[in-house]
Peer 1: 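The following block contains the structure, expressed as structure tokens.
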Amino acid sequence: MKHVCSLLTLLVSASTLASEPTVEDFGKTKDGEAVQLYTLKNEKGLVAKIMTRGATLVELHAPDKDGKSADIILGWDDVAGYESEDNQYFGCTTGRVCNRIAKGKFTLDGEEYTLATNNDPNHLHGGAERSLDKVVWKATPFTNKFGQGIRFNYTSPDGEEGYPGKLKVSVSYVLANSANRLTINYKATTDKATPVNLTNHAYFNLGGAGSDTVLNHQLKLNADNYTPTDDTLIPTGKIESVEKTPLDFRKMRKIGARVEKLTETAALGYDHNFVLNSKKDNDSRYNLAAMLRDPESGRTLRISTTEPGIQFYSGNFLKGQNGKDGKTYAHRSALCLETQHFPDSVNHDSFPSTILKPGDEYMSSTSYTFGVTKEQDQKTEK
Ligand code: GLA
């Protein structure tokens with residue numbers, strides 16, 4: 001009897017497990033390294049495809065208000081697209097330190113470090129050659145009672161891209177089975193003190209990648225404050241209120257309503273780090289960061305994170321690249337919501353620290369929950 005019961009338990013739990021992720025070849029890098037593409041699917045219609053180069057989100061399909069699915073992130077059909085000059089960090093894991101480090105310099109434990117100034121005069125998104133978006137990661141698919149996932153691992157040697165310490169990084173993408181939620185969990189350890197700040201750089205257009213504009217999307221950010229910057233987008237160190245500025249997204253606003261007020265600034269539009277209010281989401285580890293919706297398709301996206309900040313970037317550098325499926329990516333036709341520690345934290349003692357020490361573990365998690373709204377009256381503030 002006891003055996004029958006445990007067999008039954010085993011069968012029941014096996015039947016509640018999601019099916020295994022699938023894998024296919026995605027081609028080779030210019031150095032001849034093979035790249036794989038993994039597919040995660042759930043019962044609710046969300047499909048995520050992630051490749052081993054840069055642990056990069058390549059496709060993300062979500063249903064609209066009529067149940068019609070579309071790929072809502074920018075990307076390419078092949079590795080060559082991702083290796084081209086046109087790739088502005090589409091969908092990648094970004095680091096070791098995402099966003100900018102002033103003049104590519106910082107001092108840690110009395111030693112000065114110099115990094116690539118690949119966004120003149122600053123360092124951007126981990127460097128020029130071997131940043132985390134450009135290397136091929138090792139993938140391990142898994143399935144558990146919550147859904148399907150892929151864990152990507154990469155060991156960055158001491159000194160890679162100028163950063164101290166051998167950094168062991170893992171990034172897991174987990175697609176929930178019972179909800180349209182994709183969670184990205186980041187972990188890292190080091191053998192020398194080193195700055196770490198990881199994010200995902202997906203470009204979203206909830207109307208479908210390749211749609212004209214995101215200026216009709218509506219956005220709400222859980223942020224009373226932001227970090228003002230100089231003309232090279234390096235924070236001044238101050239934290240200021242969004243009140244009476246075009247950065248006030250405390251109530252749902254149409255993105256296009258005030259973006260032109262920023263076109264003539266150094267940011268060229270929205271390209272700002274918002275300081276998240278520490279209003280916790282349901283799970284107390286997470287801050288609610290952003291709500292995005294597209295009135296046309298009805299698709300919505302809710303982002304929650306363990307990070308203290310979020311960079312809202314309105315695709316100001318998109319220039320009509322030819323992307324996946326013959327689609328064109330026009331200026332401001334997609335946006336990024338990059339959860340992270342504040343830019344240039346390594347040079348600002350007053351910001352939450354990005355320094356990882358030997359013996360400690362870096363941990364960060366962000367969830368993206370997709371839904372639909374059928375509301376006719378999608379009210380926004382003026
Ligand atoms: C980030 C930066 C932007 C831009 C994009 C990539 O979001 O803040 O200024 O560099 O990455 O093009």
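Remember, it's a predicted structure, so these values are computed and weren't measured experimentally. Along the sequence shown, residues carry numbers from 1.
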Peer 1: Without swapping roles, check the side chain of Y82 against the backbone of G75 for a donor-acceptor pair under 3.5 Å.
Peer 2: no

Peer 1: Applying side chain to side chain contact (heavy atoms under 4.5 Å, CB included), run through V174 and L182 and close with a yes or a no.
Peer 2: CA-CA 6 Å; V174 187; L182 181 69; over 6 Å; no

Peer 1: If you draw a 6.0 Å radius around NZ in K261, do more than 12 non-hydrogen atoms from other residues or ligands fall strictly inside?
Peer 2: no

Peer 1: Could you go through the side-chain hydrogen bond (donor to acceptor under 3.5 Å, both in side chains) check for S131 and R96 one step at a time?
Peer 2: CA-CA 7 Å; S131 46; R96 293 184 184 194; over 6 Å; no

Peer 1: Working to the nearest 0.5 angstrom, can you tell me the gap between E83 CD and D31 CG?
Peer 2: 7.5 Å

Peer 1: Checking N205 side chain against S333 main chain: does a donor-acceptor pair fall under 3.5 Å?
Peer 2: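 Flag set: sc N205 to bb S333 pair under 3.5 Å.
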
Peer 1: Could you tell me whether the side chain of N119 and the main chain of N122 form a donor-acceptor pair under 3.5 Å?
Peer 2: no

Peer 1: Just do the side chain to side chain contact (heavy atoms under 4.5 Å, CB included) check on F90 and T56 with the steps written out, would you?
Peer 2: CA-CA 8 Å; F90 287 7; T56 296; 5.9 Å; no

Peer 1: What residues, two or more places apart in sequence or in another chain, satisfy side chain to side chain contact (heavy atoms under 4.5 Å, CB included) together with N322?
Peer 2: T328

Peer 1: Applying the salt bridge (Lys or Arg N to Asp or Glu O under 4.0 Å) test to D71, which of K324, K49, R299 qualifies?
Peer 2: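 Result for salt bridge (Lys or Arg N to Asp or Glu O under 4.0 Å) with D71: K324.
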
Peer 1: Side chains of E307 and S364: is there a donor and an acceptor less than 3.5 Å apart?
Peer 2: yes

Peer 1: Scan T94, N197, V97 and name whichever one has a side chain to side chain contact (heavy atoms under 4.5 Å, CB included) with Q340.
Peer 2: N197

Peer 1: Side chains of D271 and Q311 only: does a donor on one sit below 3.5 Å from an acceptor on the other?
Peer 2: yes

Peer 1: Determine whether the side chains of T114 and K105 contain a donor N or O and an acceptor N or O closer than 3.5 Å.
Peer 2: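 Side chains of T114 and K105: pair found under 3.5 Å.
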
Peer 1: Can a side-chain donor-acceptor contact be found between T117 and D120 if the only test is distance below 3.5 angstrom?
Peer 2: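 Checked: D120/T117 side chains show no N/O donor-acceptor pair below 3.5 Å.
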
Peer 1: What I'd like to find out is whether the side chain of R151 reaches to under 4.5 Å of the side chain of F142, using heavy atoms alone.
Peer 2: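 Yes. Closest side-chain heavy atoms under 4.5 Å.
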
Peer 1: Between the main-chain N or O of G110 and the side-chain N or O of E112, is there a donor-acceptor pair closer than 3.5 Å?
Peer 2: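 Side chain of E112 to backbone of G110, a donor-acceptor pair under 3.5 Å: no, none is there.
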
Peer 1: With rounding to the nearest 0.5 angstrom, report the CG to CG distance, L356 to D191.
Peer 2: 10.0 Å

Peer 1: Less than 3.5 Å apart, any donor N or O on the side chain of R53 or T29 sitting next to an acceptor on the other?
Peer 2: no

Peer 1: Give a yes or no on whether a salt bridge exists between R250 and D248, defined as a side-chain N under 4.0 angstrom from a carboxylate O.
Peer 2: yes

Peer 1: To the nearest 0.5 Å, tell me how far D158 CG sits from L167 CG.
Peer 2: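 That separation rounds to 10.5 Å.
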
Peer 1: Using a 4.5 Å cut-off on heavy atoms from C-beta on, say whether the side chain of R253 contacts that of R258.
Peer 2: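 A side-chain contact under 4.5 Å exists here.
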
Peer 1: Which is it for V242 and F249 under the side chain to side chain contact (heavy atoms under 4.5 Å, CB included) test, yes or no, and what are the steps along the way?
Peer 2: CA-CA 8 Å; V242 295; F249 284 97; over 6 Å; no

Peer 1: Does a side chain donor of either D86 or S84 reach within less than 3.5 Å of an acceptor in the other side chain?
Peer 2: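 Short answer, no.
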
Peer 1: Are side-chain heavy atoms of F370 and R181 found at a separation under 4.5 Å?
Peer 2: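 The answer is no, as the side chains (C-beta and beyond) never meet within the 4.5 Å cut-off.
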
Peer 1: Regarding N316 and S314, do their side chains bring together a donor and an acceptor under 3.5 Å, going by distance alone?
Peer 2: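 Yes - a donor-acceptor pair under 3.5 Å links their side chains.
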
Peer 1: Do S365 and Y286 pair up side chain to side chain, a donor and an acceptor below 3.5 Å, judged on atom types alone?
Peer 2: yes

Peer 1: How long is the span from the CG atom in L318 to the CG atom in L74, to the nearest 0.5 Å?
Peer 2: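 Those atoms lie 6.0 Å apart.
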
Peer 1: For E129, I'd like to know if atom CD has over 12 heavy atoms of other residues, nucleotides or ligands within 6.0 Å.
Peer 2: no

Peer 1: When rounded to the nearest 0.5 angstrom, what distance separates CG in L40 from OG1 in T143?
Peer 2: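 Atom-to-atom, L40:CG and T143:OG1 are 9.0 Å apart.
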
Peer 1: A side-chain contact here means heavy atoms from C-beta on lying under 4.5 Å apart; do I310 and F274 qualify?
Peer 2: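 In contact.
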
Peer 1: Is there a donor-acceptor contact under 3.5 Å linking the side chains of N216 and E296?
Peer 2: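 No, E296 and N216 have no side-chain donor paired with an acceptor closer than 3.5 Å.
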
Peer 1: Do the side-chain N and O atoms of N180 and N42 include a donor-acceptor pair separated by under 3.5 angstrom?
Peer 2: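 Yes, a side-chain donor-acceptor pair sits under 3.5 Å.
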
Peer 1: Any side-chain donor-acceptor pair under 3.5 Å between N273 and T227?
Peer 2: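 Per modelled atom types, N273 and T227 side chains form a pair under 3.5 Å.
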
Peer 1: Any non-hydrogen side-chain atom of C92 less than 4.5 Å from a side-chain atom of N200?
Peer 2: no

Peer 1: Going by atom types only, do T354 and S345 share a side-chain donor-acceptor pair under 3.5 Å?
Peer 2: no

Peer 1: Using the side-chain hydrogen bond (donor to acceptor under 3.5 Å, both in side chains) rule, take T339 and T366 through it: C-alpha gap first, then chi angles, then the decisive distance, then the call.
Peer 2: CA-CA 7 Å; T339 55; T366 297; 2.8 Å; yes

Peer 1: Considering only heavy atoms from C-beta outward, does the side chain of F146 approach that of N177 to under 4.5 Å?
Peer 2: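 A side-chain contact is absent here, since even the closest heavy-atom pair is not under 4.5 Å.
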
Peer 1: Does any non-hydrogen side-chain atom of N153 lie less than 4.5 Å from one of V169?
Peer 2: no

Peer 1: Is the backbone of Q36 close enough, under 3.5 Å, to the side chain of T52 for a donor and an acceptor to pair up by distance?
Peer 2: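 At least one qualifying donor-acceptor pair exists.
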
Peer 1: Is it the case that R332 places NZ or CZ above or below the six-membered ring of Y270, under 6.0 angstrom from the centre and within 45 degrees of the axis?
Peer 2: no

Peer 1: State whether the side chain of D66 and the backbone N or O of K68 hold a donor-acceptor pair below 3.5 Å, judged by distance alone.
Peer 2: no

Peer 1: Are the side chains of Y173 and L57 in contact, using a 4.5 Å heavy-atom criterion?
Peer 2: yes

Peer 1: Please determine if R130 and E160 form a salt bridge, counting it only when a charged side-chain N lies under 4.0 Å from a carboxylate O.
Peer 2: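 A salt bridge is present here (some side-chain N lies under 4.0 Å from a carboxylate O).
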
Peer 1: Rounded to the nearest 0.5 Å, how far does OG1 of T199 lie from CG of L132?
Peer 2: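 Here the interatomic distance stands at 12.0 Å.
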
